[in-house]
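Here is how names work: the chains are called A, B, and so on, in the same order as the sequence lines, proteins then strands, and each is numbered from 1.
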Amino acid sequence: MAEIVLDKLTKRYPDGALAVSEVDMKIADGEFIILVGPSGCGKSTMLNMIAGLEDITSGELRIDGQRVNEKAPKDRDIAMVFQSYALYPHMSVRENMAFPLRLAKVDDATVKSKVEEAAQILDLTQHLDRKPANLSGGQRQRVAMGRAIVRNPKAFLMDEPLSNLDAKLRVQMRTSVSKLQKQLATTTVYVTHDQTEAMTLGDRVVVLRGGVVQQIGSPQFLYENPANLFVAGFIGSPAMNFLPGTLENGQLSTGLGALTLSDRVRRLAEEAKAPREVIAGIRPEHFEDANLMDDSAKSGGSTFTATVDVLESMGSDKFVYFTVEGEAATSAELDELAADAGSHELSDSGSQLVTRLSASSAAAEGHPVDVWFDADKVQLFDPKTGKNLTYAE
Amino acid sequence: MAVIGGSTTGRKVRWTIVDIAIVAYALIPVLWTLSLSFKTAESQTDKKFFPSEWTFQNYRDIFSTNEFVRALVNSIGIALIATLIAVVLGTMAAYAIARLDFPGKQVLVGVSLLIAMFPQVSLVSPLFEMERQLGIFDTWPGLILPYITFALPLAIYTLSAFFREIPWELEKAAKMDGATPAQAFRRVIAPLAAPGVFTTAILVFIFCWNDFLFAISLTSTEASRTVPAALSFFTGASQFEAPTGTISAAAVVITIPIIVFVLFFQRRIVAGLTSGAVKG
């Protein structure tokens, strides 16, 4: 159990590349914190710095108030679960899990009881004498977790521990990781590039981009109040829609037509000294099929008519895709997100809009449909800096 | 799977023929030597594959002379010591090359490759002179030293390939589990590299054991002459008689340690030992 403090933590490689830049963070005792970001954002480097596998260029890392910059990994009393599991192939499951205890010169009886206890928690008891080669992916993953929990470390570090599992098992393991963390109440730092894991697992989420922290907060707060375009685009699936727009006298004109902003949004935009040209962000669930709503409910928003490109019925909802005429929103941050998702080819004419409508919507592919969206939920971003102009603390 | 060359039986027959041809090509000279070693001096030239009259006289002869026994001791001692040192040094060097980034790494690899490619014949005369100046001519170290030199590149190359196969994350995991670098190497990396170490040991041993060039050039007496060199000093019972029988017997005897060595280590060369370490 421990509190981990990152104080202006910086990692610069010998070739000058800056991997992690002045990260300030305080991870409370027992907290489950998620580092998330696209590949190459420095999240794994940060984890390795906390682990002691990477040197710290500048800044200070404190565990329980003690500076540990110079301490070897073994003296930091931290356990790590690797993406590849890194099980010792020449040892049985039992020996794998006992390894940290053996190194700590724990007596045989204690080793036996601790390994069996951990095996019990992770449902590995009947596999204790097998070799990793004979285990399934999920079992290997659990052995890797077992090796981490046997010695009650001060903190767990997990480097994309679920990314090698198939989708179904990943969902299952996600809940067990969450349960295990609550049960043990051990400080946990978890690295992932999967925004679903980030949303569901952590107490707090840290979004990283190019080694710089973009925002830290609870998953719900990040979802509702992204600090900038990058966080807005990264958190949420399907992602937020971005449209270029012009702001004039509290009126926002976009490819969806003109819209009168709500008082709340207008006030926030004014406070932030919003420029004329902005990028409007609207989440898919803030759209609705206008025919399903009565007129009074429609008053706080705007309605447009568009032809359905693609319709995906999820049973509980319908995801409806439209093409919006005009330029697509462009900014460095959005480009980076698109590159990470591998979707450059999208905007051949206009930009794509994703909406999430009720299952009872009559929308059909190739046919026009009236769609309403909530004016109060529109977020405005500065295209130059990417800052959220409607950010509410 | 595509069937190459018709039906399965036809293919089997063809493969069997090829296999037999290769085995025969490899083994007939060996069997011929074996046969010669059991023939009496008079029947050496009878051109028969199986001796008409079996005798152990050739073996008795070579073991009755101090010359051969002493050479055998030299061979075993020198080859084992050279193998041990080359493998230990090679393991450390290969580990460094596979895992660490240090200035001059490429140069080191290049130089070791250069040594391996250097024609040994051209080094014999300078080595002869140097060893005489240093006073190690015709001693065990006089042979062990050049053997290590020429075996090291081989050892480094084979071993670094094995080390590269071992996932680096295992070492990181060991560190996180509380191991010192030495403990991580000893308890995690070394056991996994063992097949590579044994393979290398066999190759190096065979290289040292078979060497004739250095053995004949850098020795002058029984003090350090190894078997391949000693064989060339065998003489017949009279000057009109070729020592074919005794040479054959000696050749058979010096093949035995190699076979034992390979059989002994072969069981430890288990392929796919690292499977299951990573990924799902």
Side-chain angles (χ1 to χ4, degrees), chain A residues 14 48 50-54 72-93 95-106 130-141 143-144 147-148 150-151 153 156-157 159 162-166 169-170, chain B residues 91 95-96 98-106 159 161-201 265-280:
Chain A
N48 285 335
I50 300 174
L53 296 171
E54 293 260 16
K74 70 184 186 70
D75 301 321
R76 295 189 188 190
D77 193 16
I78 284 176
M80 186 155 169
V81 178
F82 292 85
Q83 180 176 7
S84 62
Y85 316 143
L87 301 179
Y88 310 124
H90 57 299
M91 299 183 192
S92 67
V93 170
E95 288 161 341
N96 259 286
M97 284 164 63
F99 189 68
L101 299 173
R102 298 250 179 250
L103 289 174
K105 303 242 171 359
V106 175
R130 295 169 73 184
K131 289 272 171 74
N134 305 326
L135 299 177
S136 71
Q139 288 162 345
R140 286 182 202 175
Q141 210 281 330
V143 177
R147 201 171 56 188
V150 275
R151 62 192 168 103
F156 294 139
L157 306 179
D159 191 358
L162 307 181
S163 62
N164 279 335
L165 302 176
D166 60 62
L169 202 55
R170 199 178 312 157
Chain B
T91 306
Y95 181 74
R99 283 295 147 82
L100 307 176
D101 249 333
F102 53 88
K105 180 165 132 177
Q106 291 310 319
L159 282 165
F162 271 91
F163 279 124
R164 266 186 221 114
E165 290 276 296
I166 299 172
W168 199 354
E169 292 214 323
L170 286 181
E171 212 178 325
K172 288 192 194 167
K175 272 192 203 166
M176 292 307 299
D177 282 345
T180 60
Q183 278 173 321
F185 183 80
R186 199 162 44 85
R187 301 183 63 162
V188 175
I189 303 302
L192 294 176
V197 172
F198 291 127
T199 311
T200 310
F265 282 126
Q266 197 187 30
R267 283 193 300 155
R268 299 180 188 225
I269 306 169
V270 189
L273 197 67
T274 53
S275 71
V278 297
K279 288 266 163 88

(request) Look up atom OH in A:Y88 and atom CD1 in B:I189, then write down how far apart they are to the nearest 0.5 Å. (result) 9.0 Å
(message) Given heavy-atom pairs under 4.5 angstrom as the criterion, report whether the side chain, backbone, both or neither of A:L53 touches chain B.
(response) side chain
(request) Under 4.5 Å heavy-atom distance to chain B, tell me which part of A:A51 shows up: side chain, backbone, both or neither. (result) both
(message) Tell me the closest heavy-atom pair linking B:M176 and A:A79, and the distance in Å.
(response) CE-C, 4.4 Å
(request) Any chance you could measure B:K172, atom NZ, to A:D159, atom CG, to the nearest 0.5 Å? (result) 8.0 Å
(request) State, to 0.1 Å, how close B:K175 and A:P73 come at their nearest heavy-atom pair, and which atoms those are. (result) O-CB, 3.9 Å
(request) Find the distance between CG (B:L192) and NE2 (A:H90) and round it off to the nearest 0.5 Å. (result) 5.0 Å
(request) Could you tell me which non-hydrogen atom of B:D177 sits nearest to which non-hydrogen atom of A:R151, and how far apart they are? (result) CA-NH2, 4.1 Å
(request) Answer yes or no: is there a side-chain heavy-atom contact under 4.5 Å between A:R102 and B:R187? (result) yes
(request) Please report the closest heavy-atom contact between B:L170 and A:P89, naming both atoms and the distance. (result) CD1-CD, 3.9 Å
